[in-house]
Amino acid sequence: MSAENSPSPLAPRPEPIRFFGTTWLNHDNGYTARRIGVALGSLATAVVSCLVLRLAYQGLQIAAIGSFVTLLMVVMFAICSALAFRHTWDGFTRRPDPDRQASLRGLLTIGFVGSLLAYFLRSLTEAPGEKLHREEYETARKHHEKRTTRRSGNPSKKRRPA
């Protein structure tokens with residue numbers, strides 16, 4: 001690489017995405033295969049998770065704890081999964097607030113099936129979070145280019161008004 005083409009050490013670098021690294025930038029080094037793998041993996045994990053939840057539901061039926069408690073459990077998992085889906089989906093387009101993320105940790109844990117489904121659906125179109133990372137990277141690159149081009153040149157060669 002020549003000195004003209006080498007990136008500045010201060011130039012912004014693309015942020016890696018889980019399972020994709022920085023392949024999302026140019027869609028190279030097996031990006032498509034990774035997307036297929038992530039989609040299939042998250043769907044398979046969601047299916048297995050639903051089977052585990054089904055076993056838990058059957059365990060409650062065998063324990064005969066009552067239909068009210070069983071209904072509460074089903075409703076709790078449904079609501080938490082819907083909220084986790086929405087939160088995960090929104091996290092692909094904007095950075096989540098760390099304090100809110102910490103307060104929702106329990107809800108997201110209970111609604112893990114919703115998060116897995118959101119990951120699956122997003123990986124059908126792009127690497128989950130790719131749009132957000134691309135926007136941030138492009139903005140950082142533009143700011144860097146603006147700063148470096150503004151400061152380039154020899155200031156002593158500038159014309160001075162007479």
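These values consider heavy atoms only, across backbone and side chains, with no hydrogens, waters or symmetry-generated copies.
A heavy-atom distance below 4.5 Å is not found between the side chains of L132 and F92. Residues M73 and Y57 meet the side-chain proximity criterion, which asks for heavy atoms closer than 4.5 Å. Proximity of R13 to T22: side-chain heavy atoms (C-beta onward) are nowhere separated by under 4.5 Å. With contacts defined as side-chain heavy-atom distances shorter than 4.5 Å, the pair M76/I110 qualifies. With a 4.5 Å cut-off on side-chain heavy atoms, P96 and D90 do not count as touching.
Under a hydrophobic clustering in which Ile, Leu, Val, Met, Phe, Trp and Tyr are joined whenever their side-chain heavy atoms come within less than 4.5 Å, directly or via other members, L124 and L117 fall into the same cluster. The same ILVMFWY cluster, assembled from side-chain heavy atoms under 4.5 Å apart, contains both L53 and I65. Under a hydrophobic clustering in which Ile, Leu, Val, Met, Phe, Trp and Tyr are joined whenever their side-chain heavy atoms come within less than 4.5 Å, directly or via other members, V74 and F112 fall into the same cluster. Taking hydrophobic clusters as Ile, Leu, Val, Met, Phe, Trp and Tyr residues chained together by side-chain heavy-atom distances below 4.5 Å, L121 shares a cluster with V113. Under a hydrophobic clustering in which Ile, Leu, Val, Met, Phe, Trp and Tyr are joined whenever their side-chain heavy atoms come within less than 4.5 Å, directly or via other members, L40 and V47 fall into different clusters.
Side chain of S81 to backbone of A78: no donor-acceptor contact under 3.5 angstrom is found. Judged by distance alone, with hydrogens and angles left aside, the side-chain atoms of R122 form no donor-acceptor pair with the main-chain N or O of G129 at under 3.5 Å.
In terms of heavy atoms, E15 sits closest to E136 at OE1-OE1, 4.2 Å. Contact record, S49 with L116: OG-CD1, 3.9 Å, taken as the closest heavy-atom pair. In this structure, F120 and A39 approach most closely via the heavy-atom pair CD1-O, 3.1 Å. C80 and L107 get closest at one heavy-atom pair: CB-O, 3.9 Å. Minimum heavy-atom separation, P128 to I17: O-CG2, 3.4 Å. The minimum heavy-atom distance between D28 and T23, with the atom names listed, is O-CB, 3.2 Å.
Residues Y31 and E130 bring a donor and an acceptor atom of their side chains to less than 3.5 Å of each other.
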Start with the C-alpha gap between W89 and Y119, add the side-chain angles, then the distance that decides, and say whether side chain to side chain contact (heavy atoms under 4.5 Å, CB included) holds.
CA-CA 8 Å; W89 192 263; Y119 212 79; over 6 Å; no
Test V38 against F20 for side chain to side chain contact (heavy atoms under 4.5 Å, CB included), laying out the working first.
CA-CA 9 Å; V38 165; F20 294 92; 3.8 Å; yes
Check the pair R141 / E145 against salt bridge (charged side-chain N to carboxylate O under 4.0 Å, His left out), numbers first and verdict last.
CA-CA 6 Å; R141 256 191 43 215; E145 287 173 10; 3.7 Å; yes
Worked check of side chain to side chain contact (heavy atoms under 4.5 Å, CB included) between L25 and H133
CA-CA 9 Å; L25 187 61; H133 285 75; over 6 Å; no
List the steps and the verdict of side chain to side chain contact (heavy atoms under 4.5 Å, CB included) for R134 and W24.
CA-CA 8 Å; R134 189 171 299 283; W24 60 266; 3.8 Å; yes
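Here the CG-CG distance, from L55 to L60, works out to 11.5 Å after rounding to the nearest 0.5 Å. Separation of atoms NE2 (H87) and OG (S115) is listed at 8.0 Å; rounding is to 0.5 Å.
For R95, the CZ atom is densely surrounded, since the number of other residues' heavy atoms within 6.0 Å is greater than 12.
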